[in-house]
Amino acid sequence: PHSEKSGLDKSNSGEIWWNYEITQAGVRSVFTNINAAIGMPGINSIESKLSHLTKLRQRYESNLKGKINFVLQNKVNIQYSNYFFTIFSNNRDGLAKFLLENNVYSTLRYARLDNMELFKKDLNSEEELFPGADQFYSRALNVPIHANLSLKEIDYISKKILEYEI
């Protein structure tokens, strides 16, 4: 059984809640026809959800552009999932705690695998394999972006980010 606390549980303890350690390799998950049948009704709403997520991202960009750095998604003829909205802060941990105090849960996903014990033994290298990764990981923060958010909520989150950062 999995005994590690969730990020939300950890956030109440004062520790950096997005840190995690992969202790064993996972398995590949392949969906069955039953899984597909369950998901089929949702296909009709995908375009509207993706459109809404794009509007949320555009609002974040409009609110934050020129004031705080964020990951741009500006390639022509590419439709993004907007699964993350990643911002950068020189005091990322402080910003995350401030947002949490203001009822905004933020996190950071996809930690560097080369820093995890499970993978270190296989890399067996003293050289820096991924220049810039430490700088990215020490400053990046994923702020909420999901289909249930409203533009008003994006404005609130943006306001809180700027309140802390500026």
Side-chain angles (χ1 to χ4, degrees), residues 4-22 26 45-120 122-123 125-166:
E4 188 174 333
K5 290 181 180 179
S6 74
L8 190 56
D9 290 336
K10 284 184 187 179
S11 70
N12 294 322
S13 69
E15 59 186 299
I16 301 304
W17 50 91
W18 52 81
N19 286 342
Y20 59 93
E21 183 74 34
I22 297 174
S45 65
I46 286 177
E47 286 302 319
S48 67
K49 286 183 180 179
L50 288 175
S51 175
H52 179 66
L53 289 170
T54 298
K55 288 176 186 166
L56 297 179
R57 167 172 283 285
Q58 289 169 343
R59 181 62 69 94
Y60 267 134
E61 290 176 350
S62 172
N63 290 345
L64 301 175
K65 189 172 185 175
K67 300 170 189 156
I68 188 168
N69 291 324
F70 52 85
V71 174
L72 289 173
Q73 292 187 352
N74 58 358
K75 295 197 187 223
V76 177
N77 298 321
I78 300 290
Q79 184 175 10
Y80 295 95
S81 68
N82 294 305
Y83 180 63
F84 290 131
F85 189 80
T86 304
I87 63 172
F88 298 100
S89 172
N90 289 328
N91 188 7
R92 186 254 339 256
D93 297 354
L95 173 58
K97 288 176 184 174
F98 174 79
L99 291 173
L100 188 63
E101 290 166 2
N102 286 278
N103 300 312
V104 177
Y105 181 80
S106 59
T107 190
L108 185 59
R109 282 289 161 246
Y110 306 121
R112 289 183 59 171
L113 296 178
D114 61 309
N115 285 342
M116 296 195 180
E117 291 302 320
L118 181 67
F119 301 102
K120 277 184 181 178
D122 293 329
L123 292 172
S125 174
E126 295 298 318
E127 69 181 88
E128 175 60 50
L129 298 174
F130 307 102
D134 284 330
Q135 181 181 2
F136 175 89
Y137 197 73
S138 68
R139 297 181 59 236
L141 186 66
N142 302 130
V143 294
I145 186 166
H146 56 79
N148 294 323
L149 284 173
S150 68
L151 292 174
K152 183 177 178 181
E153 289 168 313
I154 296 298
D155 290 341
Y156 173 79
I157 296 166
S158 300
K159 178 181 166 202
K160 291 298 171 186
I161 291 167
L162 293 173
E163 186 178 314
Y164 183 84
E165 286 292 318
I166 294 180

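Values reported hereafter were calculated over all heavy atoms of this structure, with side chains retained and with hydrogens, waters and symmetry mates removed. None of these values were measured; they are calculated from a predicted model.
- Put simply, the side chain of Arg59 does not reach to within 4.5 Å of the side chain of Lys55, judged on heavy atoms.
- Inter-residue side-chain proximity for Val143 and Val104 is flagged as unmet; no heavy-atom pair is nearer than 4.5 Å.
- Between the CG atom of Asn142 and the CZ atom of Phe85 there is a distance of 10.5 Å, given to the nearest 0.5 Å.
- In this structure, NZ in Lys49 is found 14.5 Å from CG in Asn82, a value given to the nearest 0.5 Å.
- Taking all atoms of both residues into account, the shortest heavy-atom contact from Leu108 to Ala140 is CD2-O, 3.5 Å.
- A distance of 8.5 Å separates CD1 of Ile145 from NE2 of His52, quoted to the nearest 0.5 Å.
- Qualifying ring-ring contact (aromatic ring centres under 6.0 Å, His included) partners for Phe136, counting only residues two or more places apart in sequence or in other chains: Phe88.
- Counting heavy atoms from C-beta outward, Leu95 and Ile87 have side chains that approach closer than 4.5 Å.
- Under a 3.5 Å cut-off, the side chain of Thr54 and the backbone N or O of Leu50 do form a donor-acceptor pair.
- Looking at every heavy atom in both residues, Arg92 comes nearest to Arg139 through CG-O, 3.6 Å.
- The stretch residues 145-166 participates, sequence neighbours left out, in these ring pair (Phe, Tyr, Trp, His ring centres under 6.0 Å) pairs: Phe98-Tyr164.
- Looking only at side-chain heavy atoms (C-beta outward), Leu151 and Leu56 come within less than 4.5 Å of each other.
- Listed for the Ser51 side chain is no donor-acceptor partner under 3.5 Å among the backbone atoms of Glu47.
- Using modelled atom types, no side-chain atom of Gln135 and backbone atom of Gly132 make a donor-acceptor pair closer than 3.5 Å.
- Rounded to the nearest 0.5 angstrom, Ser81 OG and Arg57 CZ are separated by 8.5 Å.
- Looking at Phe84, Tyr105, Tyr60 one by one, the single match for side chain to side chain contact (heavy atoms under 4.5 Å, CB included) with Pro144 turns out to be Tyr60.
- A distance of 8.0 Å separates CD1 in Ile157 from CG in Leu99, rounded to the nearest 0.5 Å.
- Taking CG of Leu141 as the reference point, atom CD1 of Ile68 lies at 9.0 Å (rounded to 0.5 Å).
- Listed by chain and residue number, Lys160 satisfy the side-chain hydrogen bond (donor to acceptor under 3.5 Å, both in side chains) test with Glu163 (two or more places apart in sequence, or in another chain).
- The pair Lys97-Glu101 does not meet the salt-bridge criterion, since no charged nitrogen lies less than 4.0 angstrom from a carboxylate oxygen.
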